[in-house]
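Shown next, in structure tokens, is the structure this report addresses.
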Amino acid sequence: MWKSKKGMETKKDFFLECYQLGIIKFGRFTLKSGIESPFYVDLRPLASDPKILKHLANYLLDMLPLDNFDLICGVPYAALPMATAMSLESYLPLIIKRKEAKAYGTKKLIEGLYQKGQNCLLVEDVITSGKSLLETIPEIENEGITVSDIVVVLDREKGGRQLLESKGYRVHTLFTISEVCQMLQEDGKLTDDEVERIQDFLAGNVVKFEEKKRPSYEKKLENETLHSNAKKLLEIAIEKKSNLIASADVITTKELHELAEKVGPNIVALKTHIDIITDFDYDTTIIPLIDIAKKHNFLLMEDRKFADIGSTQELQYSYGVYKISNWADLITSQVIGGYPSLDFFHNSGVIAILGMSSEGTLTDNHYREEAIKVALAHPNVIGGVAQNEIPEELLLFTPGVNLETKGDGKGQQYNTPEYVFRNLHTDFIIVGRGIYKAENPEQASLNYKIAGWNAYEASL
Ligand code: 5BU
């Protein structure tokens with residue numbers, strides 16, 4: 001019955017071809033009604049493949065008693081190209097139903113040539129509850145056209161067919177969602193768990209999605225190969241109930257020390273760009289900073305973003321005026337120089353730049369994947385800076401965090417602590433202007449500390 005006259009493929013082969021166009025996605029989707037669904041259907045891509053659209057039209061026509069119909073009409077918009085293709089294949093004249101009547105001129109709801117008393121085949125892409133079809137049909141019938149049959153590409157099995165049949169309409173469906181799931185399962189495209197979830201959903205139950213939970217700081221501390229500075233950072237986080245790193249992007253020693261004193265009690269680390277300190281002097285800038293860090297129990301993280309060959313990085317790390325290797329517990333480095341370029345940061349835990357927060361960054365998927373490989377393979381690397389989830393073995397540091405604003409007009413893009421903990425499983429948030437530009441940086445650091453900790457706990 002299904003094998004077409006022209007010897008076209010089986011129903012399953014045809015469906016798999018359609019599936020390739022991305023018409024059904026499986027995962028976790030919130031529907032318009034607010035209900036969570038394990039799948040999402042959108043048949044509009046079918047119209048973009050002429051061969052598939054033509055086959056679809058023929059398959060639909062093959063199911064129908066064509067002599068019954070004088071007209072054909074698609075429910076806007078997804079079914080319009082389907083109805084057009086069916087009209088071209090069958091020579092059934094097409095009429096078009098508007099979504100809203102024209103505000104001027106004829107005020108017609110139905111366009112095209114028809115006569116009262118003619119019987120119209122209605123085409124719909126997806127049927128769910130059937131309620132929208134029940135609204136559309138009277139609009140056609142009001143023009144004196146009769147509707148006896150509806151042909152549907154996919155039945156989501158939410159009672160639509162039964163509702164329409166109870167009102168006396170015949171419903172012809174090409175695929176049902178259960179059938180589709182079975183075909184995809186047979187083809188290894190859906191796991192047994194996914195199928196079970198879909199069946200649960202179709203049975204009207206509230207579907208339980210697996211929540212992927214992040215490991216706690218305590219759990220991360222159990223890793224025996226943890227770098228000593230990563231260990232310190234996690235211990236401070238637990239002790240202070242904080243995952244906040246303040247970014248001290250200030251330009252004088254005085255401002256740096258004042259900020260460190262104010263935010264010190266609330267942070268796990270202070271991040272510096274030491275080369276922006278205009279009056280930098282090792283003895284007067286760094287030595288007191290180390291004391292403040294000890295007093296308030298936080299680490300020093302120099303955001304140097306090394307990006308050179310190993311030998312140059314080694315010089316930049318230990319020499320010059322900044323002597324970073326003397327005092328930075330943590331440093332950031334690009335991984336663009338490859339694995340050996342990271343070998344020389346002996347005293348500090350290395351945080352690899354995997355992805356950036358700025359608009360138009362070149363750290364795309366491919367870059368990040370390769371950067372993560374370098375980071376995972378390198379014993380000095382304790383984690384990465386990124387705006388995406390990274391492997392659990394690495395600590396994730398996320399800048400671009402702000403409670404007030406979405407951007408700075410210079411390319412920076414901000415998320416909230418809640419977003420980054422829930423969606424990225426971040427370990428530490430990095431906040432700059434949200435704190436040091438605040439009227440009261442001490443209070444702002446406390447606010448970010450609390451927001452960060454609550455978000456962390458909620459993500460566990
Ligand atoms: P802000 O004031 O919260 O926007 O400061 C963010 C800090 O984090 C700033 O020092 C940047 O240099 C740093 N940063 C960032 O914002 N985005 C990134 O992707 C990386 C670093 Br890497």
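Just so you know, these numbers come straight off a predicted model, no measurement behind them.
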> Is the number of heavy atoms from other residues, nucleotides or ligands under 6.0 Å of His346 NE2 greater than 12?
Replying inline: yes
> For Tyr282, does the OH atom sit with more than 12 other heavy atoms under 6.0 Å from it, leaving out its own atoms?
Replying inline: yes
> Do other residues, nucleotides or ligands put more than 12 heavy atoms under 6.0 Å from Glu370 CD?
Replying inline: yes
> Does the distance from a Lys or Arg side-chain N to an Asp or Glu carboxylate O, for Lys254 and Asp279, drop under 4.0 Å?
Replying inline: no
>> Looking only at the side chains, is there a donor atom on one of Thr272 and Glu302 sitting less than 3.5 Å from an acceptor on the other?
In response: yes
> Does Lys232 have any salt bridge (charged side-chain N to carboxylate O under 4.0 Å, His left out) partners at least two apart in sequence or in another chain, and if so, which?
Replying inline: none
>> Do Asp193 and Thr191 pair up side chain to side chain, a donor and an acceptor below 3.5 Å, judged on atom types alone?
In response: no
> Taking 4.0 angstrom as the limit, do Arg44 and Asp42 come out as a salt bridge?
Replying inline: yes
> How would you list, by chain and number, every residue that makes a salt bridge (charged side-chain N to carboxylate O under 4.0 Å, His left out) with Glu17, sequence neighbours excluded?
Replying inline: Lys51
>> For Ile336, I'd like to know if atom CD1 has over 12 heavy atoms of other residues, nucleotides or ligands within 6.0 Å.
In response: no
> How many angstroms lie between atom NE2 of His227 and atom CG of Leu330, to the nearest 0.5 angstrom?
Replying inline: 8.5 Å
>> Does either side chain, that of Thr361 or that of Thr363, offer a donor lying less than 3.5 Å from an acceptor on the other one?
In response: yes
> Any donor and acceptor pair, going by atom type alone, linking the side chain of Asp125 with main-chain N or O of Ala79 inside 3.5 Å?
Replying inline: no
> With sequence neighbours left out, what residues match His296 under side-chain contact (heavy atoms from CB on, under 4.5 Å)?
Replying inline: Glu261, Pro265, Ile292, Phe298
> Ignoring hydrogens and geometry, is there a side-chain-to-backbone donor-acceptor pair from Tyr59 to Phe14 under 3.5 Å?
Replying inline: no
> Would the number of heavy atoms belonging to other residues, nucleotides or ligands and lying under 6.0 Å from NZ of Lys305 be above 12?
Replying inline: yes
> Counting only heavy atoms not in Glu36, do more than 12 sit closer than 6.0 Å to its CD atom?
Replying inline: yes
> Does the ring center of Phe428 lie less than 6.0 Å from the ring center of Tyr217?
Replying inline: yes
> With a cut-off of 6.0 Å (strictly less than), are more than 12 heavy atoms of other residues, nucleotides or ligands near CZ of Phe29?
Replying inline: yes
>> Test of understanding: with side-chain contact (heavy atoms from CB on, under 4.5 Å), list the residues that count as partners of Asn266, not counting sequence neighbours.
In response: Ser445, Leu446, Lys449
>> So, using salt bridge (charged side-chain N to carboxylate O under 4.0 Å, His left out) as the criterion, who are the partners of Asp308 when residues are at least two apart?
In response: none
> According to the interplanar angle, ranging from 0 to 90°, do the rings of Phe26 and Phe39 count as parallel (below 30°), tilted (30 to 60°) or perpendicular (above 60°)?
Replying inline: tilted
>> As a quick check of understanding, evaluate side-chain hydrogen bond (donor to acceptor under 3.5 Å, both in side chains) for Gln443 and Asn447, giving each step before the final call.
In response: CA-CA 6 Å; Gln443 181 61 45; Asn447 296 348; 2.9 Å; yes
> Within 45° of the axis and under 6.0 Å from the centre of the six-membered ring of Phe201, does NZ or CZ of Lys158 qualify?
Replying inline: yes
> Which residues satisfy the salt bridge (charged side-chain N to carboxylate O under 4.0 Å, His left out) test with Glu186, sequence neighbours excluded?
Replying inline: Lys12
>> Angle between ring planes, Phe175 versus Phe15, binned at 30° and 60°: parallel, tilted or perpendicular?
In response: perpendicular
>> Taking Glu235 first and then Lys231, would you say they form a salt bridge - that is, a charged N and a carboxylate O separated by under 4.0 Å?
In response: yes
> Hey, does Leu234 have a side-chain heavy atom less than 4.5 Å from the side chain of Asp427?
Replying inline: no
> Measuring from Asn229:CG to Asn347:CG, what's the distance to the nearest 0.5 Å?
Replying inline: 9.0 Å
